[in-house]
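Below: one structure, written as structure tokens.
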Amino acid sequence: MSVSKESPDIFKRTSSDFSIVSIITSTLKKASVIGIVYLAGYMQWSVAWFIGPLVLSVIRDQWKKSSDRRRNAAKTAALSSEKDVVLARLNDLPAWVFFPDIERAEWLNRIMNQLWPSVNLYVKQIVRDSIQPALKENLEKFKLFGFKFERIILGTVPFRIGGVKVYDKNIDRNEIVMDLDIFYAGDCDITFHLSGLKGGIRDFQLHGMLRVVMKPLISSVPLIGGLQVFFLNNPDIDFNLLGVADVLDMPGLSDILRRIVIETVSNLMVLPNKFPIKLSEEVEAIDLKNPEPEGVLRVHVVEAKHLMKKDISVLGKGKSDPYAVVTVGAQSFKTKVIDNTVDPKWDFWCEFNILESNGQQLYIHLWDKDDTGDDESLGRATVEISNIVEKGSLNSWVTLEQAKHGMVHLRFTWLTLSKDYNDLKTVLSETQMLQVSTLTTALLTVFVDSAKYLPQARSSTKPDPYVTLRVGATTKETTHKMRTIHPVWEEGYTFLVANPENDSFYLNVIDKKTNSDIGQFVFKIKSLSDKSNLQVIKEPFTLLKSGPESKIVLSMHLRIFKSLQNEEMQSDQPSVFARTDSSVSTSSDLNQTEAVPVENQRSSLIESVDASVEEIIHNSANESLTSASVGSGEQLIRRVPSQTSSAGEAGLGRIQLTLRYSVQRQRLIVVVHKVANIPLKDPSHIPDPYVKLYLLPERAKDSKRKTQIIKDNCNPVFDETFEFILNQAELGSKQLEITVGTQKQLFSSNVLGQVIIDLSKLNLTQPYNVWLDLQPEE
């Protein structure tokens, strides 16, 4: 394939655009404008009136240039043919290049091009009806009032579909499920009013995996009863602000508006929220709009270690004040802040309602708390939820990405949903044993269908009713309906229930204009235990503090959590993650809890789980290898023991590694297990070893990874996992440099030994566990 000599303008820019001359010219122009501000403060005559705005303006100008280059590159890709996209964006290839089950969708893009004018009108209606009210409400929390869209035009450039995957396994025969890799970077024209001023949005970009579920399938035209459209995870969103809103478009300040936009989109169509589209009158609304959870994911954020030091002390770098944010789709939880440490222990528990485990991911982002509000990132990690569902439970030490070093300890438990109320006793005993007050034992789904004969809150007009629903500390709210005593909502919600034996469900009907309560309903959740399948379908309930004929129509079903921890888990072959992806069974712990005091049961369970993981790690070190190549063709050992007594052919020691490439996540995964038999040249100078990794040939700073330092040890054990973001095409041209160093060397090289692995000669789709001889530094 020959590459065209002609390229889009964005790729023809030269370094002259960013030369010193252009920066000085821009600075002088801005200095003349800011001089007016300086004169305005002549009574104080402070030089800060001039220097402060000048510096901020120059920084903002350079930041906007960088943002514009990124947006223009994305827009060029959206406008170009698929061939140009591949040539211009080698690091962001379409999904079908790497995944054989994802198909090209150029035919669908051509159809979308024809439909785009109609899509424009449909999206405009959705934005005005759903997104505008949510944005207005969220902006008011920041004292920004009166938000209203004036013009919404998506432009002439439709979104592109990078690939389509249609599922034909493990799905209901009454549905069709497909994933669309959506990318939009068009020429939209959106203007709005905010606090009496006018602003605009240009260069809006969105990229994410959109799932479309067609269900139920029916026997009459259109054959599909409805659609459920949603993003599995939060999409990447970016845009450029114009007009008065341009004042906000600076690093830090513009994050407020961007965060609000992302949260609004999440609440509309990021799991567990779905955007339903009814296609046939034969289909009941409850079939499309009622949440259908697959299960609940229980997460224990235990601790972290070896985090980066972000705080500045008198003697240099101090420690950090870390906290963690755990996110699944639109659901998010935040731990407490642990002050002045790089090894925090949170012991934080949270639970996520999972509607689609296949394709959804859990993100954990660690932050250093800053008193100024500008928190700094300590790294992040991603966990595939489908892996947890498959194994039932995981105990993971996960290495942080986008950080020089650091790991976080996570425990996961997958809870299935049972229709047998007798399972409540078991899950209650398990939860009580953990002694965590925030954990729940059941899930309640409520579908608010409609109400009838509501009272008039005002004598002159009918009410604008909406419904609030509460279970425990969780409150949900429906949309409001205009001027009606017979409102139809057709909205579904889910609640995590601590104990169905004691908890109740509270419902209030409220008039939007007067904010007065026009109806109440209280329901004891235990009442569902006597119902078939623990559910009621479209049943009318009498409203209290309302008229004698006032009714609200609800559907409810209760599901009890069921953990697989009491069942013996089948142990699969250990994965590349060693610590980070190990299946754990705790059946022995649960069988012995009667003999253990209550206050010791939880710690005993955790210690036993850790012991199970250590055993898995030990067994994983005994995995055998097929032949592969290191460096310039040296053959790896075909079968390696978990221990070694040799110091290697160079007498510098040996290092144990596991390598694997994840095609799905586009990541090279390297586990540094241990280094053995480092020679001790001077008994009074025992080394403080660490391991450093680089990708060659670039040896770029962002490819550097480093383990923690082990003090005074010739046989250090690290068991740390590192990931490098690489597409499969790049993998064949890379080498991995592994260097073992010591912190104590002051006047000579601190390198104890080195190994270079040629990745092109390894089949990394399967994990390789190897002992390698350390060689002298090149």
Side-chain angles (χ1 to χ4, degrees), residues 267 271-274 284-298 328-331 333 349-356 413-428 430-432 436-451 466-478 489-509 519-544 552-563:
N267 293 332
L271 285 179
N273 306 304
K274 297 181 179 181
E284 293 285 343
I286 191 172
D287 295 334
L288 282 176
K289 300 180 180 181
N290 199 37
E292 300 176 3
E294 184 179 335
V296 170
L297 179 64
R298 180 174 291 169
V328 175
Q331 306 169 84
F333 292 92
W349 297 77
C350 56
E351 294 170 324
F352 294 94
N353 179 22
I354 305 299
L355 274 70
E356 301 276 346
T413 303
W414 176 247
L415 302 169
T416 58
L417 304 179
S418 169
K419 297 180 182 179
D420 187 353
Y421 196 77
N422 294 324
D423 288 332
L424 179 61
K425 182 178 180 181
T426 301
V427 71
L428 275 174
E430 292 177 0
T431 305
Q432 292 167 359
V436 180
S437 60
T438 58
L439 296 184
T440 58
T441 61
L443 185 142
L444 176 68
T445 300
V446 181
F447 182 76
V448 184
D449 184 86
S450 59
Y466 70 94
V467 177
T468 62
L469 309 92
R470 180 173 65 87
V471 174
T474 303
T475 301
K476 304 290 179 70
E477 184 177 299
T478 70
W489 290 287
E490 295 183 338
E491 298 178 23
Y493 303 91
T494 58
F495 297 89
L496 297 175
V497 182
N499 186 350
E501 290 284 301
N502 304 324
D503 289 350
S504 295
F505 162 60
Y506 299 88
L507 181 148
N508 293 77
V509 183
Q520 296 180 356
F521 173 66
V522 180
F523 182 80
K524 292 187 177 298
I525 299 176
K526 185 181 179 181
S527 303
L528 290 172
S529 63
D530 299 329
K531 306 294 183 179
S532 175
N533 292 326
L534 309 183
Q535 65 185 13
V536 294
I537 304 297
K538 298 186 72 170
E539 185 170 325
F541 294 93
T542 301
L543 288 170
L544 302 176
I552 187 161
V553 180
L554 302 173
S555 296
M556 294 182 284
H557 68 252
L558 180 69
R559 296 294 179 261
I560 309 300
F561 295 166
K562 190 171 184 179
S563 170

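Distance CG/L528 to CZ/F523: 4.0 Å, rounded to 0.5 Å. Note that CZ of R559 is 5.0 Å distant from NZ of K419, once rounded to the nearest 0.5 Å. Going from atom CG of L415 over to atom CG of L297 covers 8.0 Å, rounded to the nearest 0.5 Å. Here the NZ atom belonging to K531 is positioned 13.0 Å from the CG atom belonging to L558, to the nearest 0.5 angstrom. Here the CG-CD1 distance, from D423 to I560, works out to 7.5 Å after rounding to the nearest 0.5 Å. The CG atom of L544 sits 10.0 Å away from atom CG of N508, with the distance rounded to the nearest 0.5 Å.
For the pair K476 and E491, the salt-bridge criterion is not met [side-chain N within less than 4.0 Å of a carboxylate O].
Looking at N499, its side chain does come within 3.5 Å of a backbone N or O of E501 through a donor-acceptor pair. A donor-acceptor distance shorter than 3.5 angstrom exists from the side chain of T416 to the backbone of K562, with no hydrogens or angles considered. A distance-only check finds a donor-acceptor pair linking the side chain of Q331 to the backbone of N353 [under 3.5 Å]. D503 contributes a side-chain N or O that, together with a main-chain N or O of A498, makes up a donor-acceptor pair within less than 3.5 Å. In this structure, T478 contributes its side chain and V467 its backbone to a donor-acceptor pair below 3.5 Å. Within the 3.5 Å criterion, the main-chain N or O of K526 finds no donor-acceptor partner in the side chain of Y421.
Smallest separation of non-hydrogen atoms from V522 and S504: CG1-CB, 4.3 Å. The two residues V497 and P500 make their nearest non-hydrogen contact at CG1-N, 3.8 Å. Closest approach of A451 to W489, counting heavy atoms only: CB-CZ3, 3.7 Å. T440 approaches R298 most closely through the heavy-atom pair O-NH2, 3.0 Å. Minimum heavy-atom separation, N290 to H557: ND2-CE1, 3.9 Å.
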For side chain to side chain contact (heavy atoms under 4.5 Å, CB included), just list the numbers for M556 and V446, CA-CA rounded to whole Å, side-chain angles, deciding distance to a tenth of an Å, and then say yes or no.
CA-CA 5 Å; M556 294 182 284; V446 181; 4.0 Å; yes
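Taking the six-membered ring where the residue is Trp, F352 and F333 present perpendicular rings, their angle passing 60° and hence far from 30°. Classification of the F505-F521 ring pair by plane angle, with boundaries at 30° and 60°, yields perpendicular.
Shown are E284, E539, K538; of these, the side-chain contact (heavy atoms from CB on, under 4.5 Å) with S555 is made only by K538. With respect to F561, the side-chain contact (heavy atoms from CB on, under 4.5 Å) criterion is satisfied by exactly one of L424, L439, L417: L417.
Using a 4.5 Å cut-off on side-chain heavy atoms (C-beta onward), Q520 and L507 make no contact. The closest side-chain heavy-atom distance from T494 to L355 is not below 4.5 Å. Side-chain contact between W414 and E294 is present, with at least one heavy-atom pair separated by less than 4.5 Å. At a threshold of 4.5 Å between non-hydrogen side-chain atoms, the residues S563 and V427 do not count as touching. Considering only heavy atoms from C-beta on, T474 stays 4.5 Å or farther from L496 through its side chain. Taking the side chain as every heavy atom from C-beta outward, L554 and V448 approach each other to under 4.5 Å.
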